Amino acid sequence: MTDLKRLNKFISDTGFCSRREADKYIEDGRVTVNGIRPEMGVKVALSDTVLIDGKPLKKVPKRAYIAYNKPVGITCTTERKIQSNIVKAVNYPDRIFPIGRLDRPSEGLIFLTNEGDIVNKILRAGNNHEKEYVVTVDKPLNRQFVNKMAGGLPILDTVTKKCKVTQTGPQQFTIVLTQGLNRQIRRMCEYLGYEVVTLKRVRIMNVTLKGLNVGQWRHLTEQEMAEINNSIADSGKTEELSVDENKQSANISKPKQARTPYKENDKKRDFAKHVKQGRFDSKNDQTNAKPARRNSTTRTGTLSLKK
């Protein structure tokens, strides 16, 4: 039986462009399959002749899986117009793209690949793949900070999953996450009245930075890929697994038609009520003094609209 593949994925796999861009080419009538302009969503086989603007596509390149030690200042985007883009920094001969992201001020391990399926499986929030970070903050830590970071904090209209946090120095700690919320560690620290000075990702699943200097990259080994593939064998690619389970459980009791858009004032009011109830704060804890909590509430309510 001949393996069939959606046309946009077939085009993307050759490295010509992304799936979204391929859809645009198809919609604009610039793609032909065996001499015929196809409909959106059509499936093709390797034996089919696919042309874009009358020209054949290149052969599908060999699968690439790369570990890169991203320096501070590199932006995790494929946009060529951004000079600091990660694709330009790696300078790989074939089209590749990052799996997830690290903020521009952050450094450390990030994967890049040309295979879309593995990206989906690794990134889905419900798949619980570990990522480890070393973080330095702007003032001395205490036990309350460590316990609260590990126990979960309210940011971006959810409560972060419990995680492993270990203090490694007066102002430094390691944290192991299975979530990937936008600027998650920085927001968690800000909620507790701290600012991140340096943030470095040192591990993703079974792969570490060992042997990789800042700015260097290497191909993942066969053993590393075997372990990764084994760990994601049962991982889903469905949309349900991409939903944060805390958010999902909060919505499950409401009928779909009853859900209404969350306005900024509603977020601030509910968030303030949540804090007032004392779920995450103790009266004697300096890390949650009113100025820091008030600043965090305002910032979280505003930034979450951009996500």
Side-chain angles (χ1 to χ4, degrees), residues 8-22 57-125 127-134 176-185 199-233 235 237 242:
N8 62 351
K9 187 178 189 309
F10 182 93
I11 295 171
S12 176
D13 285 349
T14 68
F16 183 85
C17 63
S18 68
R19 293 192 198 185
R20 183 174 297 178
E21 290 168 331
L57 296 167
K58 295 180 180 179
K59 291 183 179 180
V60 176
K62 183 180 178 180
R63 293 282 170 85
Y65 308 99
I66 290 171
Y68 175 50
N69 190 347
K70 184 191 91 67
V72 171
I74 296 299
T75 307
C76 291
T77 181
T78 57
E79 291 289 338
R80 296 284 182 176
K81 62 185 178 182
I82 298 177
Q83 289 298 311
S84 62
N85 77 79
I86 193 170
V87 176
K88 181 180 178 181
V90 173
N91 195 28
Y92 194 74
D94 296 322
R95 176 181 172 269
I96 55 173
F97 41 87
I99 301 179
R101 58 172 290 124
L102 273 174
D103 292 336
R104 196 167 184 267
S106 303
E107 63 178 308
L109 184 62
I110 188 167
F111 292 160
L112 296 100
T113 186
N114 57 3
E115 183 196 348
D117 290 343
I118 198 170
V119 175
N120 294 331
K121 287 191 173 186
I122 290 176
L123 290 184
R124 291 305 186 190
N127 291 334
N128 299 318
H129 304 310
E130 290 189 347
K131 298 175 288 293
E132 183 175 353
Y133 303 80
V134 176
V176 179
L177 299 179
T178 56
Q179 268 179 308
L181 300 178
N182 185 17
R183 299 180 70 251
Q184 179 172 346
I185 296 174
L199 191 155
K200 183 175 186 177
R201 184 156 64 196
V202 296
R203 177 173 67 87
I204 301 174
M205 302 166 71
N206 59 305
V207 181
T208 70
L209 279 177
K210 185 177 180 180
L212 266 185
N213 294 326
V214 176
Q216 289 185 333
W217 63 268
R218 65 172 176 83
H219 290 283
L220 295 179
T221 66
E222 290 185 6
Q223 181 178 349
E224 286 171 334
M225 283 308 305
E227 291 182 31
I228 289 173
N229 284 324
N230 182 61
S231 69
I232 65 176
S235 294
K237 297 186 294 179
S242 70

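This is a predicted model, so every value here is computed, not measured.
A search for salt bridge (Lys or Arg N to Asp or Glu O under 4.0 Å) contacts involving Asp94 returns nothing, not counting sequence neighbours.
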Check: Going through the distances and angles, do Glu227 and Asn206 end up as a side-chain contact (heavy atoms from CB on, under 4.5 Å)?
Finding: CA-CA 7 Å; Glu227 291 182 31; Asn206 59 305; 3.3 Å; yes
Item checked: salt bridge (Lys or Arg N to Asp or Glu O under 4.0 Å) between Glu224 and Arg218, worked out -> CA-CA 12 Å; Glu224 286 171 334; Arg218 65 172 176 83; 2.8 Å; yes
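Under the 3.5 Å distance criterion, the side-chain polar atoms of Asn229 are matched with a main-chain donor or acceptor of Met225. No donor-acceptor distance shorter than 3.5 angstrom exists from the side chain of Trp217 to the backbone of Ala67, with no hydrogens or angles considered. Formation of a donor-acceptor pair under 3.5 Å by the Asn114 side chain with backbone atoms of Ala64 is found in this model. Asp13 places no side-chain N or O within 3.5 Å of a backbone atom of Phe10 that could act as its donor or acceptor partner. In this structure, Arg104 contributes its side chain and Gly73 its backbone to a donor-acceptor pair below 3.5 Å. A donor-acceptor distance shorter than 3.5 angstrom exists from the side chain of Arg201 to the backbone of Leu109, with no hydrogens or angles considered.
A heavy-atom distance below 4.5 Å is found between the side chains of Met205 and Ser231. In this structure, Phe97 and Val87 have side chains that are not in contact, with every pair of non-hydrogen atoms separated by 4.5 Å or more. No side-chain heavy atom of Thr78 sits less than 4.5 Å from a side-chain heavy atom of Ile96. Counting heavy atoms from C-beta outward, Tyr133 and Val202 have side chains that stay 4.5 Å or more apart. A heavy-atom distance below 4.5 Å is found between the side chains of Val207 and Leu220.
At a threshold of 4.0 Å, the pair Glu107-Lys70 does not count as salt-bridged, since none of the basic side-chain nitrogens sits closer than that to a carboxylate oxygen.
Side-chain contact check for Thr208 and Arg203: no donor-acceptor pair (N or O, by modelled atom type) lies under 3.5 Å. Defined by atom type and a distance below 3.5 Å, a donor-acceptor pair is missing between the side-chain atoms of Ser18 and Ser12.
Pairs engaging residues 59-86 under the ring pair (Phe, Tyr, Trp, His ring centres under 6.0 Å) rule: none recorded [sequence neighbours left out].
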